[in-house]
Amino acid sequence: MIKNVITNQTKTMVLLMVVFTTVILIFGALVYFSIVNFSHQRFYELLKIRTTTIVQIEKSKEILDLPENYILNGLNGEELPMERDYVFAVPANQNFKEISQKIKLPVSFFKNVLKKGEENFNDEEYYYIGQAFKTGGKEYIAIASAKNRYVVDYLGFLERTLVTCIILSVFFSAVFSFYLSKSLFKPILKITGKVKEISSENLHLRLEPQPGNRELNELVDTFNTMLTRIETSFETQNHLIGNVSHELRTPLTSIMGEADVALSISRSADEYRDTLEIILDEAEKLDKKIKALLMIAQTGFDGKIQKMDKIRVDQLLWDVIETSRKIDSRNNIYLDISMLPDNPKKLKVQGNEQLMHLAVANIINNGCKYSNFQQVKVSLGATDTDLYIIIKDKGIGIPESEMNKIYDPFFRASNTRNYEGYGIGLPLARNIVRMHNGELIVSSSENEGTTVQMRFPTIYAQENRIKS
């Protein structure tokens with residue numbers, strides 16, 4: 001089986017060349033036949049002028065005494081190439097057979113002249129035009145004929161010129177098609193080369209957008225979004241594998257240790273109750289950690305397609321704030337709406353309301369908890385393309401040396417020992433934001449507070465992109 005080695009670039013080049021050549025041939029044929037038709041019409045006009053002149057000259061004579069079937073040739077000399085002029089009286093019986101043989105014109109030509117008053121004819125070498133006129137009570141026919149040297153000579157030159165131009169045009173169309181197809185496929189080949197460099201070891205790499213190529217940039221954005229999901233999946237999976245054994249083993253070890261101690265010797269009812277309370281507490285911790293693991297897995301790499309709807313983010317924030325206050329009345333949250341856009345459409349995003357609620361609630365609740373319930377400022381703003389949620393607290397912050405670990409599941413900064421938690425808030429929130437094609441950025445300084453910025457693409461931007 002012969003392998004098909006013809007690339008799309010070659011097919012495109014051949015197709016462009018065929019299209020260009022076809023267009024060139026069509027326009028060349030139109031030019032040629034237009035000029036040929038024009039030359040014929042123009043030459044007939046010249047012959048008509050000549051015939052009219054002959055008629056006027058003959059009518060100006062006082063007496064035009066011509067015997068029937070008598071032919072006058074070259075009345076006024078040659079003015080056109082190889083011109084021959086004829087004037088003769090119409091036979092009484094209108095039998096043009098003898099005249100037809102002498103001039104070598106069909107009988108129908110003469111009859112049409114009498115019927116229409118004028119007729120033209122050509123035999124590829126000579127062009128003829130005849131007019132009927134009356135003078136002195138008799139009917140005559142005047143004929144002017146000449147060779148159309150323009151068709152013979154100039155159109156021959158035109159043919160050679162057009163053939164040369166077509167050959168040159170085909171050559172240049174081939175060159176143009178080659179460079180055009182090369183320029184069209186250059187960004188695709190560039191993207192293909194970049195894709196080949198990406199593997200599980202460097203999923204952080206992204207394709208670069210191509211200037212002025214909207215369709216290709218949509219493909220680049222789609223591929224980059226896919227890479228983000230894959231990167232999130234790999235990171236989540238790797239972190240889970242690294243942390244799951246440690247995080248689950250600790251409560252299990254405690255449960256088994258307490259149970260073993262309790263079973264080693266007989267104990268009082270109060271001692272058994274204390275042991276069971278410790279086991280229950282550890283089991284609850286284990287349950288919470290398993291649920292956290294499942295939630296991170298659900299948002300990280302299970303591949304399920306979440307239901308997406310249109311969400312008004314300002315309403316979502318009010319709901320999150322109200323829920324947070326119900327959970328703990330000490331939560332002090334201030335919503336800054338000074339940056340709200342005039343157009344409410346810019347506040348809408350495509351997303352899963354439950355997951356977005358969970359992500360925003362995690363960040364806000366962490367801000368309240370780690371700032372010892374000082375005021376947490378939540379700002380909402382939007383541009384023509386993106387919506388921003390900025391959550392700022394004045395809490396304990398994160399040590400600079402530990403910033404690179406904040407997205408590891410179950411990681412907790414060294415200054416959070418006095419605070420309850422499992423270290424899943426930020427990893428979970430980032431996974432959810434990435435699911436919505438957004439971005440989560442954390443900046444923090446120890447003992448000065450933390451600022452979390454969440455960015456989401458708006459429905460307004462997507463609708464405008466479709467319209468354009």
Side-chain angles (χ1 to χ4, degrees), residues 236 247 284-285 287-296 298-300 311 313-337 349 351-380 387-399 402-403 405-436 438-456:
T236 304
E247 294 297 329
E284 287 177 348
K285 290 181 181 178
D287 180 63
K288 290 180 179 178
K289 289 184 178 182
I290 290 175
K291 287 180 179 178
L293 286 171
L294 292 175
M295 181 60 71
I296 293 177
Q298 182 183 5
T299 60
I311 302 172
V313 179
D314 54 340
Q315 296 175 358
L316 176 74
L317 285 179
W318 283 117
D319 186 46
V320 170
I321 292 171
E322 184 181 353
T323 304
S324 297
R325 287 170 178 167
K326 288 180 180 178
I327 293 173
D328 194 329
S329 60
R330 295 175 297 173
N331 287 340
N332 183 6
I333 306 164
Y334 169 71
L335 179 60
D336 178 15
I337 58 174
V349 301
N352 182 285
E353 186 171 3
Q354 182 181 359
L355 290 178
M356 285 188 66
H357 188 286
L358 177 62
V360 176
N362 268 332
I363 302 300
I364 291 178
N365 291 333
N366 280 348
C368 294
K369 178 173 63 175
Y370 293 119
S371 63
N372 296 311
F373 303 101
Q374 298 181 64
Q375 187 183 79
V376 174
K377 183 179 180 181
V378 180
S379 302
L380 176 63
L387 179 141
Y388 294 89
I389 302 173
I390 301 173
I391 303 167
K392 187 173 184 179
D393 66 61
K394 297 180 180 178
I396 61 175
I398 304 170
E402 299 176 3
M403 285 293 293
K405 300 178 182 178
I406 60 175
Y407 297 119
D408 294 353
F410 302 109
F411 169 78
R412 304 193 70 213
S414 57
N415 58 348
T416 62
R417 292 187 181 90
N418 298 327
Y419 300 88
E420 292 184 359
Y422 297 99
I424 66 165
L426 272 178
L428 183 60
R430 188 181 70 156
N431 282 3
I432 293 172
V433 171
R434 283 185 170 183
M435 282 177 60
H436 292 78
E439 183 181 25
L440 186 144
I441 300 174
V442 178
S443 58
S444 183
S445 298
E446 192 171 6
N447 299 320
E448 293 183 10
T450 302
T451 300
V452 179
Q453 176 181 292
M454 306 170 79
R455 178 188 62 80
F456 299 94

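With values rounded to the nearest 0.5 angstrom, Ile389 atom CD1 is found 10.0 Å from Asp314 atom CG. Here Phe373 contributes atom CZ and Ile333 contributes atom CD1; the two are 10.5 Å apart, rounded to the nearest 0.5 Å. Note that the CD1 atom of Ile398 and the CE atom of Met403 stand 5.0 Å from one another [nearest 0.5 Å]. Atom-to-atom distance recorded for Met356:CE and Ile311:CD1 is 5.0 Å, nearest 0.5 angstrom. Note that CD1 of Ile363 and CZ of Arg430 are 11.5 Å apart. Values are rounded to the nearest 0.5 Å. The line from CG of Asn362 to NE2 of His357 is 10.5 Å long, rounded to the nearest 0.5 Å.
Among all heavy-atom pairs drawn from Arg412 and Tyr370, the shortest one is NH2-OH, 3.0 Å. Between Ile406 and Leu426, the shortest heavy-atom distance links the atoms O-CB, 3.7 Å. In this structure, Ser414 and Glu402 approach most closely via the heavy-atom pair OG-OE2, 2.8 Å.
Each of Arg330, Lys326, Arg325 was checked for a side-chain hydrogen bond (donor to acceptor under 3.5 Å, both in side chains) with Asp328, and the lone residue meeting it is Arg330. Test Arg455, Glu439, Met454 against Tyr388 for side-chain contact (heavy atoms from CB on, under 4.5 Å) and you get one pass: Arg455. None of Asn332, Asn331, Asn365 except one satisfies the side-chain hydrogen bond (donor to acceptor under 3.5 Å, both in side chains) rule with Ser324; the exception is Asn365.
A donor-acceptor pair is defined here as one N or O able to donate and one able to accept, closer than 3.5 Å; such a pair exists between the side chain of Asn415 and the backbone of Gly397. Side-chain N or O atoms of Gln374 include one that pairs as donor or acceptor with a backbone N or O of Ser371 at under 3.5 Å. Side chain of Asp393 to backbone of Val376: no donor-acceptor contact under 3.5 angstrom is found. Side-chain atoms of Ser379 never come within 3.5 Å of backbone atoms of Leu335 as a donor-acceptor pair (strictly under, hydrogens ignored).
For Gln375, the CD atom sits in a packed shell: over 12 heavy atoms of surrounding residues, nucleotides or ligands are nearer than 6.0 Å. Counted within 6.0 Å of NZ on Lys392, heavy atoms from surrounding residues, nucleotides or ligands total 12 or fewer; the atom is thus considered open. At most 12 non-hydrogen atoms from other residues, nucleotides or ligands lie less than 6.0 angstrom from CD of Glu353. Taking a 6.0 Å sphere around CD1 of Ile337, one finds it holds 12 or fewer heavy atoms contributed by other residues, nucleotides or ligands.
For the pair His436 and Asn352, the minimum side-chain heavy-atom distance is below 4.5 Å. Annotation: side chain of Asn372 is in contact with side chain of Tyr419 (closest heavy-atom distance under 4.5 Å).
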